[in-house]
Amino acid sequence: MNSDVPSSLPDSLPRHIAIIMDGNGRWAKKRSLNRIRGHREGAESVRDIVRACREIGIEFLTLYAFSTENWQRPRREILALMSLLKGFLRSELPEMMENGIRLNAIGQIERFPGDVVKVLQEVMDMTRENQGMILNLALSYGGQDEIVAAARKIATEVRAGRLQPEEITKAVFSNYLYTQGMPEPDLLIRTSGEMRVSNFLLWQIAYTEIHVTNTLWPDFRREELIRILHDYEKRERRFGMTGAQIKKAPHRQ
Ligand code: FPP
């Protein structure tokens, strides 16, 4: 493992970081390159950030790699993204094994071509026992679709008599989401300056701290991540309570 992580890491780290990786197209346009070159460079940022998060000790990293809306992009761009994803999975598998990273996918994976699903499934199976960090790739993911799918599953359970309507609590509902069993993100980072959540983890980000940076995703590397973590440490997370209450009982109630 390389040890480029600065010695001055914040004392309190988020357990779960989620990232909207935006700006690959603009990065390429600025250089008069085609968009696919931007995605290729973006894949290098993915490699760097995954490594950095593992080294820092982040437990869950969720990356928005392909949204349900991204299916509307030109076919050539979609194919290039699939190919980058496959290349990433194949090339990173040894390092994931060495560093204890478990791969998980959230989203409508079944919409992907068979060869991509096969590689994804292989890497998820191979890394299943890894305990160091969970890398969640959001693939063909949409937050509203995720919530509708959860509601459908719950309705089916109720119709079958396995669940009573009064038993449906926030905790029960969460168990029907893709992120079942995972803590909600503490920090959501969005690159390239847009002030939107773009249908990402809509249920899960209810109390997440948001950091938007103007940096385009292909330029986003570990040095900036560490600066953002220092900024996160200074935030007071109140979960709807007063500052004084939080100081007395610092955990979410
Ligand atoms: C947004 O940039 C980025 C995406 C739609 C896909 C993210 C994909 C990668 C980072 C590369 C491959 C991923 C993996 C996991 C290896 P954009 O095209 O919307 O940029 P723009 O808004 O500037 O046009």
Side-chain angles (χ1 to χ4, degrees), residues 17-54 58 60-96 99 101-109 111-113 115-124 127 133-143 145 178 188-201 212-222 224-225:
I17 300 178
I19 309 184
I20 301 176
M21 310 182 287
D22 194 14
N24 295 349
R26 273 160 283 176
W27 183 93
K29 195 166 180 215
K30 266 173 61 181
R31 290 162 178 78
S32 308
L33 298 169
N34 75 35
R35 299 177 52 80
I36 291 165
R37 284 289 304 277
H39 293 314
R40 212 181 292 157
E41 195 59 26
E44 292 309 314
S45 297
V46 173
R47 288 189 170 86
D48 188 53
I49 295 305
V50 170
R51 268 184 209 141
C53 284
R54 174 67 186 105
I58 302 301
F60 299 85
L61 172 65
T62 302
L63 301 177
Y64 205 1
F66 196 87
S67 71
T68 44
E69 291 71 29
N70 287 155
W71 289 113
Q72 293 161 38
R73 293 199 173 195
R75 191 176 140 74
R76 199 167 149 260
E77 185 171 339
I78 295 176
L79 290 176
L81 283 166
M82 305 283 145
S83 153
L84 276 172
L85 174 64
K86 274 201 303 184
F88 169 82
L89 294 170
R90 288 208 178 103
S91 68
E92 296 311 289
L93 178 61
E95 205 172 309
M96 284 188 206
N99 295 334
I101 297 175
R102 176 175 175 184
L103 181 80
N104 185 53
I106 61 171
Q108 305 161 340
I109 310 306
R111 288 185 71 181
F112 280 82
D115 57 328
V116 178
V117 177
K118 188 165 174 278
V119 181
L120 253 176
Q121 202 55 59
E122 276 167 13
V123 177
M124 287 195 287
T127 60
M133 177 176 91
I134 293 195
L135 169 60
N136 259 331
L137 290 184
L139 295 167
S140 191
Y141 175 88
D145 284 331
Y178 294 124
L188 170 67
I189 299 171
R190 180 172 188 141
T191 59
S192 94
E194 238 73 71
M195 300 287 179
R196 293 193 279 273
V197 291
S198 298
N199 204 8
F200 191 39
L201 302 175
V212 177
T213 167
N214 286 328
T215 305
L216 304 175
W217 176 251
D219 290 328
F220 188 87
R221 298 295 156 103
R222 64 179 63 203
E224 181 161 6
L225 173 68

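Atoms within a ligand are numbered from 1 in the order they appear, just like the ligands themselves.
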Quiz item: Heavy-atom contact under 4.0 Å between K29 and ligand 1?
Solution: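 No, K29 has no heavy atoms under 4.0 Å from ligand 1.
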Quiz item: Does S192 come within less than 4.0 angstrom of ligand 1, counting non-hydrogen atoms of the residue?
Solution: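 Flag not set, S192 not near ligand 1.
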Practice problem: Determine, step by step, whether V46 and L84 satisfy the side-chain contact (heavy atoms from CB on, under 4.5 Å) criterion, reporting the C-alpha distance in whole Å, the side-chain angles of both residues, the deciding distance to 0.1 Å, and the verdict. | Solution: CA-CA 11 Å; V46 173; L84 276 172; over 6 Å; no
Quiz item: Just by modelled atom types, is the G42 backbone N or O under 3.5 Å from a matching donor or acceptor in the W217 side chain?
Solution: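 Checking the backbone N and O of G42 against the side chain of W217, a donor-acceptor pair under 3.5 Å is found.
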Please report which non-hydrogen protein atom sits nearest to [atom], along with the residue it belongs to and the distance in Å to one decimal place.
{"atom": "atom 14 (C) of ligand 1", "value": "V46 CG2, 4.1 Å"}
{"atom": "atom 22 (O) of ligand 1", "value": "R26 NH2, 2.8 Å"}
{"atom": "atom 19 (O) of ligand 1", "value": "R73 NH2, 2.8 Å"}
{"atom": "atom 7 (C) of ligand 1", "value": "A65 O, 3.6 Å"}
{"atom": "atom 24 (O) of ligand 1", "value": "R35 NH1, 3.1 Å"}
{"atom": "atom 11 (C) of ligand 1", "value": "H39 O, 3.5 Å"}
{"atom": "atom 3 (C) of ligand 1", "value": "M21 O, 3.1 Å"}

Quiz prompt | Atom indices of ligand 1, in the order listed, that fall short of 4.0 Å to a heavy atom of W217 | solution =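 In order of number, 10 (C).
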Quiz item: Which ligand 1 atoms, with their elements, are less than 4.0 angstrom from a heavy-atom of N70?
Solution: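 Under 4.0 Å from N70, ligand 1 has these atoms: 5 (C).
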Exercise. Flag yes if more than 12 heavy atoms outside R76 fall under 6.0 Å of its CZ atom; otherwise flag no.
Key: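 No, the 6.0 Å shell around CZ holds no more than 12 heavy atoms from other groups.
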Exercise. Please say whether more than 12 non-hydrogen atoms of neighbouring residues, nucleotides or ligands are located less than 6.0 Å from CZ in R73.
Key: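 Enclosed: over 12 neighbouring heavy atoms sit under 6.0 Å from CZ of R73.
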Quiz item: Are any of the N or O atoms of G25 closer than 3.5 Å to those of ligand 1?
Solution: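 Min N/O separation from ligand 1 is below 3.5 Å for G25.
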Quiz item: What distance do S140 atom OG and E69 atom CD have between them, rounded to the nearest 0.5 Å?
Solution: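 One gets 9.0 Å once the value is rounded to the nearest 0.5 Å.
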Exercise. Please say which of R37, K29, R35 ends up in a side-chain contact (heavy atoms from CB on, under 4.5 Å) with L33.
Key: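 Only one of R37, K29, R35 forms a side-chain contact (heavy atoms from CB on, under 4.5 Å) with L33, namely R37.
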Exercise. Quickly, which of T62, N104, L63 forms a side-chain contact (heavy atoms from CB on, under 4.5 Å) with L135? Name it, please.
Key: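 Among T62, N104, L63, the one that satisfies the side-chain contact (heavy atoms from CB on, under 4.5 Å) with L135 is L63.
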Quiz item: Using a heavy-atom cut-off of under 4.0 Å, does the side chain or the backbone of F66 touch ligand 1, or both, or neither?
Solution: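 Looking at F66 and ligand 1, no heavy atom falls under 4.0 Å.
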Quiz item: For ligand 1, is any non-hydrogen atom under 4.0 Å from L63's backbone (N, CA, C, O), its side chain (CB onward), both, or neither?
Solution: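 Looking at L63 and ligand 1, no heavy atom falls under 4.0 Å.
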Quiz prompt | Side chains of I106 and L201 in contact at under 4.5 Å (non-hydrogen atoms) | solution =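 I106 reaches L201 side chain to side chain.
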Practice problem: Identify whether the distance between the nearest side-chain nitrogen and carboxylate oxygen of E122 and K86 falls below 4.0 Å. | Solution: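 Salt bridge flag = no for K86 with E122.
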Practice problem: Taking only Lys NZ, Arg NE, NH1 and NH2, and the carboxylate oxygens of Asp or Glu, determine whether E194 and R26 approach each other closer than 4.0 Å. | Solution: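 R26 and E194: salt-bridged.
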Quiz item: Of the choices S91, P218, S45, A43, which has the non-hydrogen atom that lies closest to atom 12 (C) of ligand 1?
Solution: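 Heavy atom nearest to atom 12 (C) of ligand 1 belongs to A43.
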Self-check item: Heavy-atom nearest neighbour of atom 10 (C) of ligand 1 within options N24, I19, I20
Solution: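 Of the listed residues, N24 has the closest heavy atom.
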